[in-house]
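Residue numbers begin at 1 in each chain, while the letters A, B, ... track the order of the sequences.
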Number of protein chains: 2
Amino acid sequence: MMELTRKGEYAIRGILYLARQPQGKLSLVGEIAAASGVPKTFLAKILQDFTKVGLVYSFRGTGGGFSLARTPDRITLREVVEAVEGPILPNRCLIGAGSCENDSSCLVHPVWKRVRDEIVTILDGVTIEELAGEDHPT
Amino acid sequence: MMELTRKGEYAIRGILYLARQPQGKLSLVGEIAAASGVPKTFLAKILQDFTKVGLVYSFRGTGGGFSLARTPDRITLREVVEAVEGPILPNRCLIGAGSCENDSSCLVHPVWKRVRDEIVTILDGVTIEELAGEDHPT
DNA sequence: CTATAAAAAGACAAAAAAGGTCCTTTAGGT
DNA sequence: ACCTAAAGGACCTTTTTTGTCTTTTTATAG
Ligand code: SF4
Ligand code: SF4
């Protein structure tokens with residue numbers, strides 16, 4: 001239950017690769033895929049998701065590629081996961097008004113809300129810089 | 001992401017019905033299904049899961065049915081969810097040794113561990129008595 | 001301005017999981 | 001013996017996951 005999909009796992013691996021590259025350097029899909037062991041065409045889709053939400057920059061044509069749009073210390077694990085998997089929702093009733101008729105009276109509702117809030121808090125508290133294992137120079 | 005399945009939702013509804021019945025009374029699948037709005041045959045499977053892990057008692061034949069195996073205050077939401085969905089695992093690496101080769105060096109690993117521990121803590125802290133909305137006589 | 005390079009977009013498809021149904025068997029009562 | 005109700009298992013449909021492939025767009029180099 002509550003399992004991260006492969007897409008989510010790949011997304012993390014992919015962005016970690018980018019985080020480990022020298023600032024401003026562009027990486028090709030094929031290069032990232034090979035290094036992180038992710039199917040190339042699948043990773044391409046993931047990188048598109050990243051681009052859409054503004055996590056990475058993409059450049060087409062000769063000399064193109066991908067780079068982070070922000071420094072690794074300002075990208076949280078939550079952003080990465082949500083970019084490809086959508087918002088963290090342990091239950092439908094958290095989607096919004098009307099998704100479950102009795103969310104006002106239901107006593108289970110607040111429990112799932114707590115669960116979501118805890119997960120979000122944890123994932124928001126982790127940056128990909130920490131995960132990339134770079135000790136940033138003081 | 002991280003969404004409870006219908007089976008899990010149904011499981012909660014089903015056990016809440018049982019929790020609201022007078023102590024020791026037996027309920028039929030059909031009865032529980034109708035009252036909680038769950039497909040009868042599907043609920044039957046869920047109740048079988050409950051029986052397997054010892055959450056409910058089942059009796060066959062005339063006058064048979066289901067009842068809780070414990071008082072509602074000693075059944076946690078976690079037990080109910082895990083009975084039908086399996087253990088709470090935000091990522092494969094938490095399954096056990098060898099499920100991911102690099103779980104010792106991977107910096108993401110401890111994050112998922114924290115996520116799981118938090119979810120488990122929350123769900124363990126909620127009993128189905130609280131959820132059933134019975135104010136138990138002091 | 002044309003060839004080349006690389007990402008974007010979108011259609012397609014296999015495999016797995018979710019969500020059920022149905023039928024036969026087993027166990028208990030009358 | 002006969003009825004009742006759960007257990008077990010085979011089967012099915014739909015949705016989601018996990019990809020692939022082809023075409024289009026955008027950019028650069030010569
Ligand atoms: S937890 Fe309660 S409010 Fe949320 S979907 Fe289930 S019944 Fe509805
Ligand atoms: S988080 Fe790390 S240890 Fe866990 S599956 Fe992913 S790479 Fe492996």
Legend entry - Whole-Å gap separating P (D/dA6) and CG (B/Leu26): 9 Å
Inset, instruction - Taking only the side-chain nitrogens and oxygens of B/Ser58, find out if one of them lies under 4.0 Å from OP1 or OP2 of D/dA7. - result: yes
Legend entry - Salt-bridge contact B/Arg114-B/Asp117 (side-chain N to carboxylate O under 4.0 Å): no
Inset, instruction - For B/Leu47, answer base if it contacts any base atom (sugar-phosphate contacts may also be present), sugar-phosphate if it contacts only those atoms, and nothing otherwise; contact means non-hydrogen atoms under 4.0 Å. - result: nothing
Inset, instruction - Could you tell me whether the side chains of A/Ser67 and A/Gln21 share a donor-acceptor contact shorter than 3.5 Å? - result: no
Legend entry - Verdict with reasoning, A/Asp73 to A/Glu130, per side chain to side chain contact (heavy atoms under 4.5 Å, CB included): CA-CA 7 Å; A/Asp73 62 307; A/Glu130 300 166 38; over 6 Å; no
Legend entry - Nucleotide C/dA9, atom C1' - distance to CZ of A/Phe50 in whole Å: 18 Å
Legend entry - Polar side chain donor-acceptor pair, A/Glu129 to A/Thr71, under 3.5 angstrom: no
Legend entry - Rounded distance (Å) that lies between atom C1' of C/dA6 and atom CG of A/Leu43: 14 Å
Legend entry - A/Phe66/A/Thr51 under side chain to side chain contact (heavy atoms under 4.5 Å, CB included): CA gap, chis, key distance, verdict: CA-CA 9 Å; A/Phe66 296 89; A/Thr51 311; 3.9 Å; yes
Inset, instruction - Quick one, give me the B/S/- string for nucleotides 14-24 of chain D, reading 5' to 3', where B means a protein heavy atom under 4.0 Å from the base and S means that only happens at the primed atoms, P, OP1 or OP2. - result: ----SSB----
Inset, instruction - Would you classify B/Gly65 as touching base, sugar-phosphate or nothing, given that sugar-phosphate means primed atoms plus P, OP1 and OP2, and contacts are heavy atoms under 4.0 Å? - result: sugar-phosphate
Inset, instruction - Using a cut-off of strictly less than 4.0 Å, decide whether B/Gln48 has a side-chain nitrogen or oxygen near OP1 or OP2 of D/dG8. - result: yes
Legend entry - Gap between atoms CG and P, on A/Leu28 and C/dA8 respectively (whole Å): 12 Å
Inset, instruction - Scan side-chain atoms only and decide if A/Asn91 and B/Glu9 contain a donor-acceptor pair under the 3.5 Å cut-off. - result: yes
